[in-house]
Number of protein chains: 2
Amino acid sequence: MNKGRVTVIDIAHAAGVSKSTVSLVLQGSSLVNEATRAKVNAVIRELGYVYNRGAANLRQAKSKIVGIVVNDLTNSFFAELAVGVDMVVQSAGYVQFLSNTGESIDRQREVVASMREHGISGLIVSPARGTEAADFKSLTNAGMPVVIVVRNIPGAKVSSLVSDNFAGASAAVEHLAGLGHRRIAFMGGFANTAVFAERLGGYRDALAKAAIAFDDDLVVATAPSRAGGVEAVGRAMLLAHKPTAAVCFNDAVAFGVCDGLRARRLEPGVDFAVVGFDDVIEAESAVPALTTVSVDPQGMGRRAAQLLLKQINSGKVEAEAIVSAVRLVVRQSCGAGLDITARRVVS
Amino acid sequence: MNKGRVTVIDIAHAAGVSKSTVSLVLQGSSLVNEATRAKVNAVIRELGYVYNRGAANLRQAKSKIVGIVVNDLTNSFFAELAVGVDMVVQSAGYVQFLSNTGESIDRQREVVASMREHGISGLIVSPARGTEAADFKSLTNAGMPVVIVVRNIPGAKVSSLVSDNFAGASAAVEHLAGLGHRRIAFMGGFANTAVFAERLGGYRDALAKAAIAFDDDLVVATAPSRAGGVEAVGRAMLLAHKPTAAVCFNDAVAFGVCDGLRARRLEPGVDFAVVGFDDVIEAESAVPALTTVSVDPQGMGRRAAQLLLKQINSGKVEAEAIVSAVRLVVRQSCGAGLDITARRVVS
DNA sequence: GACAAAATTTGGAACGTTCCAAATAATTGT
DNA sequence: ACAATTATTTGGAACGTTCCAAATTTTGTC
């Protein structure tokens with residue numbers, strides 16, 4: 001009425017109690033009498049009071065805000081990751097600051113700084129390419145819980161949650177080899193990233209186990225996107241000795257590979273086997289349904305959030321490195337599920 | 001060192017000035033002498049001071065935070081929208097709270113309330129299905145700038161930014177009719193939404209203009225997703241008198257329709273024409289490249305953010321309804337671009 | 001009805017910043 | 001050298017909450 005904002009003091013006045021009592025009611029304290037609680041709540045509704053968390057944070061220390069920064073929100077893998085985080089964070093009564101860096105390391109620095117100023121009490125980050133361990137130094141020094149997801153930063157003293165890239169790629173190759181393929185390509189991804197190295201490692205390992213010689217020509221690095229997939233098939237099909245199957249860096253690449261195959265009148269799952277990585281939501285409903293290594297981005301987001309909340313609540317910031325198991329989901333694009341209904345193989 | 005957090009007072013102490021001076025430096029005021037400014041900045045860096053925006057907001061009133069809530073972050077249309085918002089908001093020195101409602105109206109209420117408590121100074125919302133004008137009443141009463149995007153809420157006294165759904169759908173069928181199609185279906189989308197009604201309206205209008213009779217069987221409503229698209233072709237192909245073309249509710253549906261066609265050994269763009277709506281980023285690189293009505297989600301996000309910032313800065317909250325023009329981007333999936341390289345038609 | 005114990009309520013004093021009015025220092029004109 | 005400016009700096013007093021210690025009220029017991 002008077003100034004504009006309704007404060008706890010206005011409520012106290014109107015309800016005939018002290019501001020301390022109103023505060024107690026706000027926090028759901030059991031100290032306050034049932035009758036006064038009801039009275040206060042009634043007044044709160046009546047005056048349209050809105051709680052000022054900023055003021056509260058000034059006094060307390062625990063802020064109910066977590067930050068999440070992803071490197072490419074446009075990629076549905078990360079969008080789902082963010083949704084997963086949002087779910088658990090929200091039901092824990094927290095709210096999330098989300099920012100997109102678009103792989104820019106400067107942007108990343110800016111948004112992390114900004115989030116800090118806003119008093120986040122924890123941070124989940126899928127780091128932009130080129131992020132270094134030192135970039136998290138000041139965060140950890142300040143005792144801020146940080147969880148790195150998807151891409152690990154060697155040497156960073158923070159918790160991390162990455163999927164088992166080696167085992168996943170390995171399982172994919174093993175499956176393909178089991179179907180009789182001998183010319184198996186590795187398509188997509190930027191070669192200078194840790195994730196690429198891990199997946200490529202699994203690929204080579206499984207190749208060796210299946211007694212297939214590694215051929216450098218068959219690993220074709222491109223952008224980890226749909227367009228990159230199209231490009232990758234293009235390059236691979238120029239080879240004298242063409243591949244008959246591909247394990248792709250991620251699902252986006254795999255979809256691009258399917259597109260590229262069709263543009264060449266080859267039907268994925270029939271004329272050429274393709275396996276993806278990530279198991280994004282569209283993988284199941286695509287035609288042909290994509291055989292892929294399931295890392296369950298949403299579930300990963302949820303786990304990351306739980307890990308972060310655990311750290312926030314416990315107060316201890318001891319780093320924990322979790323590598324999350326993956327499993328190969330066999331659908332149609334590898335040519336294995338043509339006759340039988342899609343079945344699942346646990347790796 | 002002593003307590004934990006470094007405050008403006010610690011800086012003042014260490015630099016041998018008053019807290020007021022430090023505050024002035026922080027705000028980049030021109031009142032302060034160059035030498036002291038340098039001194040203070042040095043100390044700030046040295047002590048690793050982090051600005052406490054919460055405390056500042058308590059005193060000021062303008063918070064540098066905007067909220068954005070979308071109904072389905074998993075859909076890349078909305079993800080890109082969010083990225084667009086983030087871009088302009090970030091470069092204006094703001095930070096965004098982003099939340100996903102997953103079409104849940106309860107969740108929407110919760111997150112909006114939470115954002116308010118955190119002191120956002122404006123809100124961009126792509127409302128969940130079933131949102132009513134009354135839901136924004138308390139926001140507008142409090143003088144909070146609100147911009148509704150994508151889906152309009154009739155009767156809400158807030159600004160809105162929606163695309164010209166009628167014109168877009170209309171242009172799509174006009175194009176298809178021009179290519180000789182007479183059995184044009186409308187596929188995907190939930191029938192009880194405003195956006196659906198508008199696009200369907202454009203579809204019927206153009207049909208009438210082309211002297212094609214409207215056939216109820218040809219509008220097949222499904223979920224506005226890839227899976228929905230697959231389902232839609234399935235239903236449409238059961239008809240005695242099958243369609244030869246489809247304008248789809250959105251690009252996700254269109255991709256699903258392509259999938260469904262292929263599952264039936266029909267090649268999109270050759271045996272059947274499909275036109276999407278939205279022009280998501282993958283539309284261009286898909287094979288065949290998707291002919292679609294371009295609404296430029298990222299650009300829309302940017303415009304929404306600009307509109308919101310304008311309102312925040314001007315202090316006036318007069319509602320402004322913008323319907324943003326769309327244009328048909330002709331690529332391959334409609335069968336028109338087979339011989340010539342992709343060209344663009346402005347509607 | 002008096003006393004102790006339990007239940008409830010309540011004034012400050014923070015929290016870390018900004019803003020205002022006023023104080024102090026540096027510069028200028030005469 | 002002195003007043004008049006102009007340029008800088010500076011103590012409080014907010015902002016809206018929580019927390020503590022202490023005050024008040026209620027309840028229970030004999």
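This one's a predicted model, so the numbers in the text were calculated from it and none came from an experiment. Proteins get letters first, then strands, A, B, ... in listed order; numbering begins at 1 in each.
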Arg5(B) CZ to dC15(C) C1', in whole Å, measures 10 Å
Identify, with sequence neighbours excluded, every residue that meets side chain to side chain donor-acceptor pair (under 3.5 Å) alongside Ser18(A). Thr21(A)
Under the ring pair (Phe, Tyr, Trp, His ring centres under 6.0 Å) rule, what pairs show up with a residue in residues 128-151 of chain A, not counting sequence neighbours? none
Indicate whether OP1 or OP2 belonging to dT17(C) is found under 4.0 Å from a side-chain N or O atom of Gln27(B). no
Partners of Glu320(B) by side chain to side chain donor-acceptor pair (under 3.5 Å), sequence neighbours excluded? Lys310(B)
Kindly write out the residues that satisfy side chain to side chain contact (heavy atoms under 4.5 Å, CB included) with Val162(A), not counting sequence neighbours, or none if the list is empty. Asn152(A), Val323(A)
Nearest-Å distance for atom pair CD1/P, residues Ile9(B) and dT18(C): 12 Å
Under 3.5 Å, which N/O atoms of the protein pair with N/O atoms of nucleotides 5-10 of chain D?
residue : atom : partner  : partner atom : Å
dT9(D)  : OP1  : Thr36(B) : OG1          : 3.1
dT9(D)  : OP2  : Asn33(B) : N            : 3.1
dT9(D)  : OP2  : Thr36(B) : OG1          : 3.3
dT10(D) : OP2  : Ser18(B) : N            : 2.8
dT10(D) : OP2  : Ser18(B) : OG           : 3.2
dT10(D) : OP2  : Thr21(B) : OG1          : 2.8

Ring pair (Phe, Tyr, Trp, His ring centres under 6.0 Å) partners of residues 30-78 of chain B, not counting sequence neighbours, each pair once: none
Any residue meeting side chain to side chain contact (heavy atoms under 4.5 Å, CB included) with Asn33(A), in chain and number order, not counting sequence neighbours: Ala35(A), Thr36(A)
Helical bend (five base pairs per end, nearest 10°) for the helix from dG1(C)-dC30(D) to dT30(C)-dA1(D): 30°
Using side chain to side chain contact (heavy atoms under 4.5 Å, CB included) as the criterion, list what pairs up with Ser114(A), not counting sequence neighbours. His118(A), Val95(B)
Ser126(B) to Val150(B) - nearest heavy-atom pair and separation: OG-CB, 4.3 Å
For the pair made of NE2 in His13(A) and C1' in dG11(C), what is the distance, rounded to whole Å? 14 Å
Residues in side chain to side chain contact (heavy atoms under 4.5 Å, CB included) with Asn100(B), at least two apart? Val83(A), Asp86(A), Val70(B), Leu73(B)
Could you check which residues of residues 39-60 of chain A get a heavy atom under 4.0 Å from DNA chain C? Sort them by number, please. Leu58(A), Arg59(A)
Ser20(B): which residues meet the side chain to side chain donor-acceptor pair (under 3.5 Å) condition with it, sequence neighbours left out? none
Pair Glu110(B) + Arg107(B): basic N to acidic O under 4.0 Å: no
Separation of dT17(D) C1' from Leu26(A) CG (nearest whole Å): 9 Å
